[in-house]
Amino acid sequence: MRFIILIGPPGAGKGTQAKMLEQSLGLPQVSTGDLFRYNLKNETELGKLARTYMDRGALVPDEVTVAMVKDRLGQADAANGAILDGFPRTQAQADALDQLLLQLGGHITVVPNIVVDGEELVARLFKRAQIEGRADDTEETIRHRMHVYEEQTKPLLDYYRQRGLVVNVNGQQDIEAVQQELRRIIEQAS
Ligand code: AMP
């Protein structure tokens, strides 16, 4: 059971790349952002709660997020592992994931870090806001999400670096080139 954790700031292209990897790896993409958006759309209790955080570009509390991920990773299509996209985002989530993988008998094979510079990211997010109309792609929330990434998620790179799992990927190439680089890294790690 193997897990690949895609790390990178909002707008780095994690979602796009994770979707493209699904087929070649035979593992499902598990995106906490997508799971929250699904719940939002269907107006579940979880969705209503998540909305109050997402609208501000803040993180949904760890307990809620971890419970949702546990549930998702227990489903049949994740029996061989998953490509994690947008999770973990805090140290508490990373610790919870370690615990969960111990229980499940899974391991993290590699943590690709998709690197894109700040100005390019903001430009991409504004563009996405116009195309997709995501409620959390306003200027204020974009800035807040960047800040949250720097404060809470970026430190996870050190945590995984200590375990020798992080490999940087140049996220400023075209989508196909990023995909090729990712596949090479994942293959080398497996
Ligand atoms: P994303 O699509 O990954 O950018 O996520 C959109 C929003 O969903 C984030 O700004 C958070 O409000 C929430 N979210 C997604 N993943 C997580 C997570 N791992 N922990 C807490 N909140 C999350």
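We count ligands from 1, going down the list as the structure has it; atoms in each ligand are counted the same way. This structure is a prediction, so every number in the text was calculated from the model and none was measured.
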Self-check item: Side-chain touch Val178/Met20, heavy atoms, less than 4.5 angstrom
Solution: no
Practice problem: Go through the steps for Val111 and Val167 under the test side chain to side chain contact (heavy atoms under 4.5 Å, CB included), then give the verdict. | Solution: CA-CA 6 Å; Val111 179; Val167 183; over 6 Å; no
Practice problem: Examine the proximity of ligand 1 to Val60 and report which part, side chain or backbone, both or neither, has a heavy atom under 4.0 Å away. | Solution: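 Both parts.
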Quiz item: At a non-hydrogen distance cut-off of under 4.0 Å, which region of Ala58 contacts ligand 1 (side chain, backbone, both, or neither)?
Solution: backbone
Quiz item: Any non-hydrogen atom of Pro10 lying under 4.0 Å from ligand 1?
Solution: no
Practice problem: For Gln17 and Gln179, test the side chains for any donor-to-acceptor distance below 3.5 angstrom and give the result as yes or no. | Solution: yes
Could you tell me, atom by atom, which parts of ligand 1 come under 4.0 Å of a heavy atom of [X]?
X	result
Thr65	18 (C), 19 (N), 20 (N), 21 (C)
Gln93	18 (C), 19 (N), 20 (N), 21 (C)
Arg37	2 (O), 6 (C)

Quiz item: How far is atom 19 (N) of ligand 1 from its nearest protein heavy atom, and which residue and atom name does that atom have?
Solution: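 Answer, as residue, atom name and distance: Gly86 O, 2.9 Å.
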Quiz item: Does any N or O atom in Arg89 lie less than 3.5 angstrom from one in ligand 1, N or O only?
Solution: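 By distance alone, the answer is yes.
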Quiz item: Do Asp95 and Gln99 pass the side chain to side chain donor-acceptor pair (under 3.5 Å) test, and can you show the C-alpha distance, the side-chain angles, and the key distance before you say yes or no?
Solution: CA-CA 6 Å; Asp95 293 340; Gln99 284 298 318; over 6 Å; no
